[in-house]
Every structure is written in structure tokens, then in C-alpha cells.
Protein chains: 2
Amino acid sequence: MSIPATAYALLGLLSFDRELSGYDLKKWADSSLRFFYWSPAISQIYSELKRLDAMGYVTSREVPQDELRNKRVYRITDEGRAALVEWVEHDDVEPPMLKHSPLLRVWLGHLTTPARLRAILESHRVYAARMRDDALGAATSSAPRPGMEFPAVVTAWSARYYEREIEMIDELLAEISELE
Amino acid sequence: MSIPATAYALLGLLSFDRELSGYDLKKWADSSLRFFYWSPAISQIYSELKRLDAMGYVTSREVPQDELRNKRVYRITDEGRAALVEWVEHDDVEPPMLKHSPLLRVWLGHLTTPARLRAILESHRVYAARMRDDALGAATSSAPRPGMEFPAVVTAWSARYYEREIEMIDELLAEISELE
DNA sequence: GGGAGCATGTAACGGGTTACATGATTGG
DNA sequence: CCAATCATGTAACCCGTTACATGCTCCC
């Protein structure tokens, strides 16, 4: 019985030795995984946590959040850690999946005007700049903790990725102008 | 009633004014869409074609393939073309979706050895080089036909994308060595 | 003879999303 | 007072995949 990559990603977040709630995991995913992988919907996080719990890969307990409410926090188990290590060390690595919607529109450029393509690319440029800045922000905001070197390397990689994305948008913009 | 992006992608393939079978569409997708978007499974292509047919966005007819068998070829209709143009011109463009599995493994680098990470990245490097070469091949093999300028631009973009991916893998490899 | 390519499709399944439901606390 | 944030979960739905089924032709 195998579990989806998203479950391993969550297990990965928990592998940095902390107790986290579903809500915490969502925020963490949004400020790390999001840049190079994906941030699952909160509802999926809750259901994956249930599955991981049922498999014995995590344990959970309730902690008081305030006077009236509790929240459920999760901790990775030894079996969970072993399964995660196994996944990193021995499982096949799928190729990256890229679904570049703005490019799909450019590919269909014969159906529209250069102005529309430019607008799409400008807006994608804003998005990429935003992602770069967010990745840069995530890199600087979190103090370099021991054991967190790899996430730091990947976050830096992500910032470079979006920087290059911007360069490539500009190249495309220039090429589209030439086509006119 | 909206249709998925994949359906528009297929409609897009048909928008270059040719009659194509499901099988043809799969081959075409593999040598164009695959580099920057995704190539749907053949089974999905057949079911999307049925949906597009039901919506009146394509028509189909059977043509003899050899003495014994027929094949069904599809042609975009005026309504299909109008819907596609509408999609390109007025629909919101989703941000690109990236699920970088090799990077997810690197992000979990604390769970394994540098040697394993290097192996993963080397293998990803081979994949990226392959994609670059395939994109380059697709660019040169298809003679520059009129009306196909945008696909050519996007294929060239894809080749650059994978070239940069290789550069970024090498940078990562260097950073991982430094971490040791 | 057998594998690769041509050609089309169905069924089962699962991963993941959106919408919905609920309710407390904090800060402008 | 109202929006945002904290916090958890269910249900419906759909996109897309893999596995399965079928059968012909071409070439080694």
C-alpha cells in the first residue's frame, strides 16, 4: 500500500522534529513547498494526516489552544521516519511535472493578438517576481537553523528559478515583438 | 459548463487546421505540448474528444485506414474555434504548476547521504538533457510552416528552459558539495 | 514467430480540489 | 462591528492515470 508524494511531503515537514497541527502544516507548506512543489489544499492535509495516523507514521495528541478549544498536533514516529527515509533513498524519482498555462496561451498565439499575449506575459511576470520575492523572504526570515540547511538550499534554488523565469519571459516578449 | 485545460489543448492542436485521429493527437502532444505543459494519457484523449464532439466543438468522420479498418478523424468546428479563441482571449490564466520531485528529495537531504542526492540529480540531469534535445529535435524536424510560428517560439523556449534546468542542477550539485 | 507500431476504447481507482459547515479570537 | 486568522473537518466532484481488452500490419 503506497501513499502519494503529498503524504511524504507532509511527513517531510514533520521530519524536522516538531509537533505541528494541520493548520500549521498548511502555513509551512505555503512558505516552503509551494515554491518548487505544490501546497496541498488544507482539506487534503487533514485527510492525509488521518491516513498517516492510521498507518502509524504519525501520532497525535490534543493540546489546549486557549481556554475553550483544543487543537490536534502531530508528531512523526520512528516508523514514519523509516518510511520517509526509504522513500528518499530507494524509491524512483518521478520527473518534474510542469504545466505552464501562460505558455499554452502563447503556443496558441495565432488565435489572438500580440497585445493579448503581452498582457498575459506581463501578468505572469508579476506572478514570477512575486514568487521570487516570497522565496527570498522565506530564505531571509528564517534564521539559519542547524538541520535546516537543505530547505535553505532549495529555497535559494527557488528564488533563482523565478528570477530565470522572469528573464525567459522577457526573451519571449522580445521574440513576440519580432514576429510582428 | 466548462471544460478542462487539456480539452482546450486538444482543441488547440486541432486549430492548426488538420484532421487528426486520437492516436495522431497523442503523438503530436508528445512532440510539442509535453515540453511545457503535459501530454495527456491516450485514454483521456479519447474521452475528451467524445466530450468535445458532444459539445459541438469538433466533428468526426471515419476514414479507411487500410482494407479492413477505419479510423476516426476529428476536425474543429467554427463553434469550437470560437470557444478556443474566447478561452485564450478572456479566460483567466492559471499560474504555472510545478511539481519538482527531485527537488523535494533534496529538500529532505538531511534524511540521506550526499551521494544519494548526487545520484538523484545526475539522473535528473540526464532527463533534462534528453528533454532539451527532444525539444531541439522537434524544432528542427518540423519545417517552419506559415501559421506555426508560435509553436516554434514555444518549442525554442522549452529547449532554453531545459538548458537552464541543467545549469541549475549543476549549481545545486556544487552547493551540495559545499555543504559537506 | 514475435515485438513494435497503429488504433480505439472501457472500467476502476485515486489524488486533489471546491464548496460547505462551524465557531472562537483578535485587531482595526 | 466586521474582517481576518485560527482551527477542523465532510461531501461532492472531476481530472487524469493505470490496467485491461482487442486486433491488425509491418518488419526482423
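Convention: sequence-line order gives letters A, B, ...; per-chain numbering from 1. These figures come from a predicted structure and were not determined experimentally.
Summarising the geometry, the separation between CG on Asn70(A) and C1' on dA24(C) is reported as 13 Å, rounded to the nearest angstrom. In this structure, OH of Tyr23(B) is placed 8 Å from P of dG5(C), rounded to the nearest angstrom. For the pair Lys50(A) NZ and dA7(D) C1', the interatomic distance rounds to 14 Å; values are reported in whole Å. Lys27(A) places its NZ atom 6 Å from the P atom of dA7(D), with the value rounded to the nearest Å. Look at CD1 on Ile3(B): it is 15 Å from C1' on dG16(D), rounded to the nearest Å. In this structure, Lys71(B) atom NZ and dG23(D) atom C1' are separated by 16 Å, rounded to whole Å. At whole-Å resolution of the value, CD in Glu48(B) and P in dT8(C) are 16 Å apart. dG9(C) atom P lies 10 Å from atom CG of Asp53(B), rounded to whole Å.
Among the heavy atoms of the strands, none lies under 4.0 Å from Lys26(B).
If you find the closest nucleotide of DNA chain C to Pro4(A) and to Ser21(B), the one lying nearer the 5' end belongs to Ser21(B).
With respect to the salt-bridge test (charged N to carboxylate O, under 4.0 angstrom), the residues Arg164(B) and Glu171(B) do not qualify. Under the 4.0 Å criterion applied to side-chain N and carboxylate O atoms, Asp134(B) and Arg34(B) are assigned as salt-bridge partners. In summary, Glu165(A) and Arg125(A) do not engage in a salt bridge, as defined by a charged side-chain N under 4.0 Å from a carboxylate O. Salt bridge annotation for Glu48(B)-Arg51(B): present, with a cationic side-chain nitrogen under 4.0 angstrom from a carboxylate oxygen. Under the 4.0 Å criterion applied to side-chain N and carboxylate O atoms, Arg118(A) and Glu175(A) are not assigned as salt-bridge partners. Ion pairing of Arg105(B) with Glu94(A) is present here, as a side-chain N (NZ or NE/NH1/NH2) and a carboxylate O approach within less than 4.0 Å. Note on Glu122(B) versus Arg116(B): no salt bridge recorded, every NZ/NE/NH1/NH2 to OD/OE distance being 4.0 Å or above.
Between Trp107(A) and Phe150(B), the ring centre distance reaches or exceeds 6.0 Å.
Side-chain contact, Thr59(B) with Arg75(B): no donor N or O sits under 3.5 Å from an acceptor N or O.
Contacts between residues 81-99 of chain B and DNA chain C, defined by a heavy-atom separation under 4.0 Å, are made by Lys99(B).
Relative orientation of the Phe35(B) and Tyr162(B) rings is perpendicular, given thresholds of 30° and 60° on the angle between their planes. The aromatic rings of His124(A) and His100(A) sit perpendicular to each other, their planes meeting at more than 60°, with 30° as the lower class boundary.
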Using a cutoff of under 3.5 Å, can you pull out all pairs of nitrogen or oxygen atoms linking the protein to nucleotides 18-21 of chain D, with atom names and distances?
| residue | atom | partner | partner atom | Å |
| --- | --- | --- | --- | --- |
| dT18(D) | O4 | Ser43(B) | OG | 3.0 |

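Remark: Tyr46(B) is not in phosphate contact with dG9(C), judged by side-chain N or O atoms under 4.0 Å from OP1 or OP2.
In the helix from dG1(C)-dC28(D) to dG28(C)-dC1(D), the terminal helix axes, each the rotation mapping four pairs' C1' atoms onto the next four within five end pairs, subtend 40°, rounded to 10°.
If you check dT17(C), dT8(C), dT17(D) against the side chain of Arg72(B), the one that comes closest is dT8(C).
Judged purely by atom type and a 3.5 angstrom limit, Thr112(B) has no side-chain atom pairing as donor or acceptor with the backbone of Leu108(B).
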